[in-house]
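Remarks on the structure that follows.
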Number of protein chains: 2
Amino acid sequence: MKIGQLARTAGLNASAIRYYEKRGLLAPPQRTGGQRRYASDALSRVLLIRFATGMGFTLAEIKLFLNGLRDNTPVGPRWKKLATRKLIEVEQNIARSRKLKSLLQGLLHCHCPSLQFCVNCLRLSPKLRRLENMRMKRR
Amino acid sequence: MKIGQLARTAGLNASAIRYYEKRGLLAPPQRTGGQRRYASDALSRVLLIRFATGMGFTLAEIKLFLNGLRDNTPVGPRWKKLATRKLIEVEQNIARSRKLKSLLQGLLHCHCPSLQFCVNCLRLSPKLRRLENMRMKRR
DNA sequence: GCTTGACTTAAAGCTAACTTTAAGTTCTAG
DNA sequence: CTAGAACTTAAAGTTAGCTTTAAGTCAAGC
């Protein structure tokens, strides 16, 4: 399978596949005349990577995980640790977003004119501070 | 107030304040010998900006909002539109994170050895696809 | 044999919100 | 008066996960 075929099948760009290879998530495949030729297991590998990025794992984390798998290491502890950490991140994100939501709803019901608005906002500063302290890296 | 003082009081770096000025969120203040001197209302302005970024608004959105305020435009429609849009984003983020959470919890209870894992993961692909379609810009 | 589409590389570009750096100026305390 | 802290600028660097570009090579169909 050429890279374009693999890309179309997996639903991403060929450049992404090359990027995964450069990042060490995908083993360099055989080549024919300089061009990459993939065996069919490459597809499931790529799909797994997409799946994991979709779940919010970073490429670095996925690489860790995949390298464990490549060694045929039992999935157990490695995966559990990564997933548990990610679960905590996701839960924090939910909590933060909930606070944000109620704050936004509250502010939407506050009909203050012009700059008085700011004053009202800043009265909420204890809440704000809690929010700011919760700020995550991303997502 | 010099920029360092303002920065310390507001809890950010002086470079961030200069950045806000360059981005047009903060009016250029008076200068003494080339150095910025801020009146006290600059503090509430900066705090408002921090507040809004903490709520997930981008600097571009905040600029829009602040320029409305500067004109003494009534807050009404402009703010309502921005906040409503942001509320939708936040709600989508919550929904997405909930799906992620249940997926992660499910996977944590799946004790499959080595690469079989991947197969199990990929069986979830309809869920995955829904997740992927939900992917937001950030946060 | 030739065209054309698919492939190759390294390096730069993208986004957001800043920070860091480098080189120079000004303020302030002693 | 002088040391050093704080300020100034423009430009480059940071993070992640790619994409785009430029310039060139290869493959497949006619």
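Chain identifiers are assigned alphabetically (A, B, ...) following the order of the sequence lines, protein sequences preceding nucleic acid strands; residue numbering begins at 1 within each chain.
- The B/Lys2 side chain lies nearest to C/dT28 when the options are C/dT28, D/dT19, D/dG17.
- Side-chain N/O atoms of B/Tyr20 include none lying less than 4.0 angstrom from OP1 or OP2 on C/dA17.
- For the pair A/Arg37 CZ and C/dT8 C1', the computed distance is 12 Å after rounding to whole Å.
- Residue B/Arg36 is in sugar-phosphate contact alone, with no base atom involved, counting any heavy-atom pair closer than 4.0 Å across all strands shown.
- When rounded to the nearest whole Å, the span between CG of A/Asn13 and P of C/dC14 equals 18 Å.
- Rounding to whole angstrom units, CG of residue A/Leu26 and P of D/dG17 are separated by 15 Å.
- Regarding B/Arg50, its CZ atom lies at a distance of 11 Å from the P atom of C/dA17, rounded to whole Å.
- The interatomic distance linking B/Glu21 (CD) with C/dT19 (P) rounds to 15 Å, in whole Å.
- Residue contacts shown for B/Leu12 are absent, as no nucleic acid heavy atom lies under 4.0 Å away.
- Closest non-hydrogen pair, A/Gly54 versus B/Arg96, comes out as O-NH2, 3.0 Å.
- When heavy atoms are screened at a 4.0 angstrom cut-off, B/Arg8 is found touching no nucleic acid atom at all.
- Pairs of residues two or more places apart, or lying in two chains, never qualify as side-chain hydrogen bond (donor to acceptor under 3.5 Å, both in side chains) while including a residue from residues 24-34 of chain A.
- Nearest-nucleotide mapping onto DNA chain D: of A/Lys22 and A/Gly33, the residue sitting toward the 5' end is A/Lys22.
- Between the P atom of D/dC7 and the CD atom of B/Gln30 lies a distance of 17 Å, rounded to the nearest Å.
- The interatomic distance linking B/Tyr19 (OH) with C/dT20 (C1') rounds to 15 Å, in whole Å.
- In summary, A/Glu89 and A/Lys86 engage in a salt bridge, as defined by a charged side-chain N under 4.0 Å from a carboxylate O.
- Spacing between atom CD1 of B/Ile3 and atom C1' of C/dT26 amounts to 14 Å, rounded to whole angstrom units.
- Within the 3.5 Å criterion, the main-chain N or O of A/Ile94 finds no donor-acceptor partner in the side chain of B/Arg98.
- Position along DNA chain C of the nearest nucleotide to B/Arg23 versus A/Arg18 favours A/Arg18 as the more 5'-ward residue.
- When each of D/dC18, C/dC7, C/dT19 is scored by its nearest atom to the side-chain atoms of A/Gln35, the top-ranked nucleotide is C/dC7.
- When all heavy atoms of B/Glu61 and B/Gly56 are compared, the closest pair comes out as OE1-O, 4.3 Å.
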